[in-house]
Amino acid sequence: MLADTRTNAGVDNISTFRKLTTIERPGDRVIGIMTAGNLALSQAIVNLVTEQGLALHEGEPLETLYTAPSMVRAAQLMGQAVREIYKVDGPSLEAQSESFNVSILLGGQIGNGQLRLFQIYAAGNYIEAT
């Protein structure tokens, strides 16, 4: 996977930040997350799915991309994280006339499962590349 790192460009000012996150546990999983759009949103979403975790249903254990049992569940977690961050940051962005602008490519393999690639949209829904 490749990722653009440019976050802002002016006549003589170009800032860069890593927009590709990789998760690897040899023999278990390799996952790449490529983000575009608002960097603060992207960082919050990636932090939620890699460090903090999310519960599928209230009272259930937290899951991260390190514990997701399949790539489909990983895509669901990523979408769920997008919606959670929207709940937190969406209203304040809208108050500033800004849009909730983020898109994510999630690809990889968990265990002996298929190598899969998903695009996650700002609404938290996703499609799979076929």
Side-chain angles (χ1 to χ4, degrees):
M1 296 182 79
L2 300 172
D4 174 25
T5 59
R6 190 176 75 176
T7 60
N8 188 9
V11 175
D12 59 354
N13 178 29
I14 297 176
S15 299
T16 61
F17 190 85
R18 182 181 173 110
K19 294 182 182 180
L20 174 63
T21 302
T22 55
I23 294 169
E24 184 176 3
R25 282 196 175 147
D28 179 45
R29 67 191 61 220
V30 175
I31 299 173
I33 307 166
M34 186 171 53
T35 62
N38 183 304
L39 183 59
L41 297 174
S42 298
Q43 288 178 346
I45 291 163
V46 170
N47 181 52
L48 196 52
V49 296
T50 60
E51 295 181 29
Q52 292 177 276
L54 298 155
L56 181 58
H57 301 294
E58 192 169 323
E60 290 188 358
L62 297 179
E63 289 182 88
T64 68
L65 294 181
Y66 290 97
T67 63
S70 68
M71 284 303 297
V72 169
R73 182 63 191 130
Q76 291 170 339
L77 272 175
M78 187 65 69
Q80 187 177 350
V82 170
R83 289 186 295 275
E84 288 296 320
I85 297 303
Y86 178 80
K87 288 178 193 175
V88 172
D89 292 335
S92 59
L93 286 168
E94 290 170 6
Q96 297 294 318
S97 298
E98 296 290 331
S99 63
F100 188 86
N101 178 22
V102 66
S103 60
I104 302 162
L105 288 178
L106 175 76
Q109 181 177 17
I110 295 177
N112 292 326
Q114 274 187 306
L115 181 63
R116 299 177 90 166
L117 177 65
F118 300 89
Q119 181 173 355
I120 293 97
Y121 297 100
N125 57 335
Y126 63 87
I127 60 171
E128 182 175 8
T130 58

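Within 6.0 Å of CD on Gln114 lie no more than 12 heavy atoms contributed by other residues, nucleotides or ligands.
No side-chain heavy atom of Val49 sits less than 4.5 Å from a side-chain heavy atom of Gln80. Looking at heavy atoms from C-beta onward, Gln52 lies in side-chain contact with Asn47 at the 4.5 angstrom threshold. Using a 4.5 Å cut-off on side-chain heavy atoms (C-beta onward), Ile104 and Thr35 make contact.
Rounding to the nearest 0.5 angstrom, the gap separating the OG1 atom in Thr21 from the CD atom in Gln43 is 9.0 Å. Taken from CG in Asp28 to OH in Tyr66, the straight-line distance is 11.0 Å, to the nearest 0.5 Å. Rounded to the nearest 0.5 angstrom, Gln119 CD and Met78 CE are separated by 12.5 Å. How far CD of Gln76 is from CG of Asn125: 12.5 Å, rounded to the nearest 0.5 Å.
Under the 4.5 Å side-chain heavy-atom criterion for Ile, Leu, Val, Met, Phe, Trp and Tyr, Phe100 and Tyr121 are members of distinct hydrophobic clusters.
Screening Leu65, Leu105, Leu20 for a side-chain contact (heavy atoms from CB on, under 4.5 Å) with Ile33, the sole residue that qualifies is Leu65. Tested against Gln109 for a side-chain contact (heavy atoms from CB on, under 4.5 Å), the candidates Val30, Ile31, Leu115 yield a single pass: Leu115.
In plain terms, the two heavy atoms of Ala40 and Asn38 that are nearest each other are N-OD1, 2.9 Å. Here the closest non-hydrogen pair linking Ser99 and Leu93 is O-CD1, 4.1 Å. Across all non-hydrogen atoms, the minimal contact from Glu60 to Ala55 is O-CB, 3.4 Å. Closest of all the heavy-atom pairs between Leu117 and Gly107 is CD1-CA, 4.0 Å. Pairing each heavy atom of Ala81 with each of Ile45, the nearest pair is CB-CG2, 4.0 Å. Contact detail for Ala44 and Ile85: the closest heavy-atom pair is CB-CD1, 3.8 Å.
The backbone N or O of Glu63 sits nowhere less than 3.5 Å from a side-chain atom of Thr67 that would complete a donor-acceptor pair. Between the Arg29 side chain and the Ala68 main chain, a donor and an acceptor come within less than 3.5 Å of each other.
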Val72 and Phe118: CA distance, side-chain angles, deciding distance, side chain to side chain contact (heavy atoms under 4.5 Å, CB included) verdict:
CA-CA 9 Å; Val72 169; Phe118 300 89; 4.1 Å; yes
Checking side chain to side chain contact (heavy atoms under 4.5 Å, CB included) for the pair Leu106/Met71: CA distance, chi angles, key distance, verdict?
CA-CA 9 Å; Leu106 175 76; Met71 284 303 297; 4.1 Å; yes
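Residues passing the salt bridge (Lys or Arg N to Asp or Glu O under 4.0 Å) test with Glu128, sequence neighbours excluded: Arg116.
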